[in-house]
A.B. asks: 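Handing you this structure, nothing more for now.
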Amino acid sequence: MKSQGVAISMVYPIMKTVVQKGFDSEQFCQYASFDASLLQDVEARISGEELERLTIAAAHFTQDMHFGLHQGQIMEFADMGILGYVMMHSQTVVDALSAYQRYNVLLCSGFNLDWEVEGDDVRISMFLQHPGQGHMSRHCIEDMASSLFRLISRLSNRVIPLLEVAFRHETTADLTPYQPVFGRIPHFAANSNYLRFNKDVLQYPVLYSDAKLLSIFENIAQETRQELTQASRLTEQVVHWIRTCMPSYFPSLQQTADFLQMSSRTLQHKLKEENTTYNDLSIQVRKDLAMGYLRKWEFSVGDIAYVLHFSEPSAFQNAFKKWTGLTPGQYRATIQSGQMRVNG
């Protein structure tokens with residue numbers, strides 16, 4: 001497996017929502033410059049930034065500026081793969097939440113949740129678990145909040161009265177879609193993203209709980225997590241090393257092998273065992289950095305090309321077009337258009 005990142009299955013709900021709204025999934029893939037063949041590879045993983053880009057593109061494509069909120073409303077346990085089945089057969093709601101924490105890496109290594117009992121209430125917080133990643137986009141966090149609320153209700157087969165919903169992002173012009181989803185209007189511009197309800201909900205029994213099936217699914221989840229974590233160790237070291245070197249210099253294969261105290265041949269062999277190559281990883285780092293820099297309007301395309309050690313801006317533009325199907329300018333326009341519509 002190439003990296004932890006985000007399981008390709010996280011793209012399925014986006015496609016499902018697009019189709020449910022009456023749009024063609026193939027046309028959306030073309031619109032978003034997304035390689036639909038990745039959906040056929042169950043082990044494929046994409047970056048969190050790519051998932052966010054696709055979500056914003058879907059909001060733009062469907063003209064639904066509450067796309068993430070609505071997407072969460074049709075989330076099913078099957079959409080979460082093996083993690084969903086572990087949650088579905090847990091004994092109580094809190095056991096299911098613990099399973100999400102424990103096996104989150106199988107689904108989406110960047111996003112996670114935690115909870116804290118405060119008197120008679122429990123507060124479930126949703127966050128990016130790796131420092132320095134910034135904040136989740138409005139669509140992504142609202143998708144996570146609405147899907148989590150929906151799944152807790154499905155687990156317990158009860159109506160869960162929410163006492164409070166809060167988001168870090170700013171409020172939107174149209175607040176009417178939130179009431180049917182949460183039963184109340186969220187607080188915006190809060191210090192964190194969270195749901196709050198009575199602590200008794202944690203001990204509600206799970207309707208579908210089956211100890212025998214839980215044992216089967218949890219064994220699979222443990223093996224998959226171990227495989228994913230172990231397989232990504234060297235990959236993560238290489239990615240971290242390349243990112244550390246940038247923007248001072250773009251390290252070569254030999255420099256990376258020297259840093260890891262092995263020969264370049266050994267490094268290539270070990271990376272091959274993890275189904276990747278040094279070239280793949282260096283491209284991925286450049287791509288991720290480029291997408292991040294392009295979100296910061298103070299950097300020109302020329303500045304980004306220089307920071308990423310391309311010989312000239314045109315070389316960067318050609319590479320970015322090859323990676324994403326868009327020129328840097330087109331990518332920026334897509335992001336800007338999505339943000340303008342979201343904030344509007």
A.B. asks: Got a salt bridge between Lys199 and Asp121, using NZ or NE/NH1/NH2 to carboxylate O under 4.0 Å?
C.D. replies: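 A salt bridge is absent here (no side-chain N lies under 4.0 Å from a carboxylate O).
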A.B. asks: Determine yes or no for a side-chain-to-main-chain donor-acceptor pair under 3.5 angstrom, with Ser156 supplying the side chain and Ile152 the backbone.
C.D. replies: yes
A.B. asks: Check whether the side chains of Ser192 and Arg123 place a donor and an acceptor atom closer than 3.5 Å, and report yes or no.
C.D. replies: yes
A.B. asks: Which heavy atom of Leu107 sits nearest a heavy atom of Asp79, and at what distance?
C.D. replies: CD1-O, 4.5 Å
A.B. asks: Looking at side-chain heavy atoms only, is the closest gap between Phe149 and Val165 below 4.5 Å?
C.D. replies: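 In short, these two side chains do not touch, never coming nearer than 4.5 Å.
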A.B. asks: Are the side chains of Thr327 and Gln317 in touch, meaning some heavy atoms are under 4.5 Å apart?
C.D. replies: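 With C-beta onward as the side chain, the pair stays apart.
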A.B. asks: Does a sphere of radius 6.0 Å around CD in Gln91 hold more than 12 heavy atoms from other residues, nucleotides or ligands, not counting ones at 6.0 Å or beyond?
C.D. replies: no
A.B. asks: Counting heavy atoms not belonging to Glu118, are there more than 12 under 6.0 Å from its CD?
C.D. replies: yes
A.B. asks: Looking at Arg243 and Glu236, is any side-chain nitrogen of the basic one under 4.0 Å from a carboxylate oxygen of the acidic one?
C.D. replies: no
A.B. asks: If a pair satisfies ring pair (Phe, Tyr, Trp, His ring centres under 6.0 Å) and one of its residues is in residues 264-295, list it, with sequence neighbours excluded.
C.D. replies: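 Checked against ring pair (Phe, Tyr, Trp, His ring centres under 6.0 Å) - neighbours excluded - the pairs reaching residues 264-295 are Tyr293-Phe299.
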A.B. asks: Is there side-chain contact between Phe197 and Pro161, with heavy atoms separated by less than 4.5 Å?
C.D. replies: no
A.B. asks: Test your reading of the model: is there a side-chain donor-acceptor pair from Ser90 to the backbone of Thr92, 3.5 Å cut-off?
C.D. replies: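 Checking the backbone N and O of Thr92 against the side chain of Ser90, no donor-acceptor pair under 3.5 Å is found.
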A.B. asks: When you group the ILVMFWY residues by side-chain heavy-atom contacts below 4.5 Å and let the links chain together, are Val19 and Val11 in the same group?
C.D. replies: no
A.B. asks: Only pairs at least two apart or in different chains count here, so list each side chain to side chain donor-acceptor pair (under 3.5 Å) that has a residue in residues 304-314.
C.D. replies: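 Passing the test, one end in residues 304-314: Glu312-Ser314.
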A.B. asks: Can you tell me if Gln101 and Asp114 form a side-chain donor-acceptor pair at under 3.5 Å?
C.D. replies: yes
A.B. asks: Are side-chain N/O atoms of Ser37 and Asp35 paired as donor and acceptor at under 3.5 Å?
C.D. replies: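 Distance-only check passes for Ser37 and Asp35.
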A.B. asks: Please check if the distance between the ring centroids of Phe217 and His89 is under 6.0 Å.
C.D. replies: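 Yes; His89 has its ring centre under 6.0 Å from that of Phe217.
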A.B. asks: Do the side chains of Met246 and Leu308 get nearer than 4.5 Å, heavy atoms only?
C.D. replies: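 Counting from C-beta outward, Leu308 and Met246 do come under 4.5 Å.
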A.B. asks: Can Val181 be reached from Ile74 by stepping across I, L, V, M, F, W or Y side chains whose heavy atoms are under 4.5 Å apart?
C.D. replies: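 Different hydrophobic clusters.
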A.B. asks: By the side chain to side chain donor-acceptor pair (under 3.5 Å) test, which pairs, at least two apart or in different chains, include something from residues 24-33?
C.D. replies: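 Only Tyr31-His60 qualify under side chain to side chain donor-acceptor pair (under 3.5 Å).
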A.B. asks: Does the gap between the ring centers of Phe77 and Tyr85 come in under 6.0 Å?
C.D. replies: no
A.B. asks: So is Arg138 actually on top of Phe167's ring, under 6.0 Å and inside 45° of the axis?
C.D. replies: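 Pair Arg138/Phe167 does not count as cation-pi.
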A.B. asks: Under 4.5 Å between any side-chain heavy atoms of Val117 and Leu202, yes or no?
C.D. replies: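 Yes. Closest side-chain heavy atoms under 4.5 Å.
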A.B. asks: Quick one: OH on Tyr194 to CZ on Arg168, what's the gap to the nearest 0.5 Å?
C.D. replies: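 That separation rounds to 12.0 Å.
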A.B. asks: Should Leu113 and Leu163 be regarded as members of a common hydrophobic cluster, given that ILVMFWY residues are connected when their side-chain heavy atoms come within less than 4.5 Å of each other, either directly or indirectly?
C.D. replies: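 Different hydrophobic clusters.
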A.B. asks: How about Leu106 and Ile82: do any of their side-chain heavy atoms sit closer than 4.5 Å?
C.D. replies: yes
A.B. asks: Provide the closest heavy-atom pair for Val206 versus Met88 in the form atom of the first, atom of the second, distance.
C.D. replies: CG1-O, 3.2 Å
A.B. asks: Tell me whether Thr324 contacts the main-chain N or O of Lys321 through its side chain, where contact means a donor paired with an acceptor under 3.5 Å.
C.D. replies: no
A.B. asks: Can you tell me if Gln20 has over 12 outside heavy atoms packed within less than 6.0 Å of its CD?
C.D. replies: no
A.B. asks: Report the residues that fulfil salt bridge (charged side-chain N to carboxylate O under 4.0 Å, His left out) with Asp95, sequence neighbours left out, ordered by chain and then residue number.
C.D. replies: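 In terms of salt bridge (charged side-chain N to carboxylate O under 4.0 Å, His left out), with neighbours along the sequence ignored, Asp95 is linked to no residue.
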A.B. asks: Could you point out which residue of Val238, Thr277, Asp258 forms a side chain to side chain contact (heavy atoms under 4.5 Å, CB included) with Leu267?
C.D. replies: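 Among Val238, Thr277, Asp258, the one meeting side chain to side chain contact (heavy atoms under 4.5 Å, CB included) with Leu267 is Val238.
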A.B. asks: List in chain and number order the residues that pass salt bridge (charged side-chain N to carboxylate O under 4.0 Å, His left out) with Arg102, two or more places apart in sequence or in another chain; answer none if no residue qualifies.
C.D. replies: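 Residues passing salt bridge (charged side-chain N to carboxylate O under 4.0 Å, His left out) with Arg102: Glu218.
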A.B. asks: Donor-acceptor pair, distance only, cut-off 3.5 Å: does the side chain of Gln255 make one with the backbone of Ser252?
C.D. replies: yes
A.B. asks: Give a yes or no on whether the ring-centroid distance for Phe320 and Tyr331 is below 6.0 angstrom.
C.D. replies: yes
A.B. asks: Which pair of heavy atoms, one from Ala58 and one from Phe67, lies closest together, and at what distance?
C.D. replies: CB-CZ, 3.5 Å
A.B. asks: I need the minimum non-hydrogen distance between Ser146 and Gly72, along with the two atoms involved.
C.D. replies: OG-CA, 3.1 Å
A.B. asks: From Leu155 CG over to Leu207 CG, what is the distance, rounded to the nearest 0.5 angstrom?
C.D. replies: 9.0 Å
A.B. asks: On a heavy-atom basis, which atom in Met75 and which in Ser147 lie closest, and how many Å separate them?
C.D. replies: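 Scanning both residues, the minimum pair turns out to be CB-CB, 3.7 Å.
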A.B. asks: Is it the case that the side chain of Arg332 and the backbone of Arg295 share a donor-acceptor pair, with hydrogens and angles ignored and the cut-off at 3.5 Å?
C.D. replies: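 No, because the side chain of Arg332 does not come within donor-acceptor range (under 3.5 Å) of the backbone of Arg295.
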A.B. asks: Between Gln284 and Asp288, does any side-chain donor sit less than 3.5 Å from a side-chain acceptor?
C.D. replies: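 A pair is found: one side chain offers a donor N or O, the other an acceptor, under 3.5 Å apart.
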A.B. asks: Among residues two or more places apart or on two chains, list those pairs meeting side chain to side chain donor-acceptor pair (under 3.5 Å) that have a residue in residues 64-76.
C.D. replies: Lys21-Asp64, Asp64-His70, Gln71-Asp143, Glu76-Arg150, Glu76-Arg154
A.B. asks: At their closest point, which heavy atom of Gln330 faces which heavy atom of Gly325, and how far apart are they?
C.D. replies: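 So the minimum-distance heavy-atom pair works out to OE1-O, 4.4 Å.
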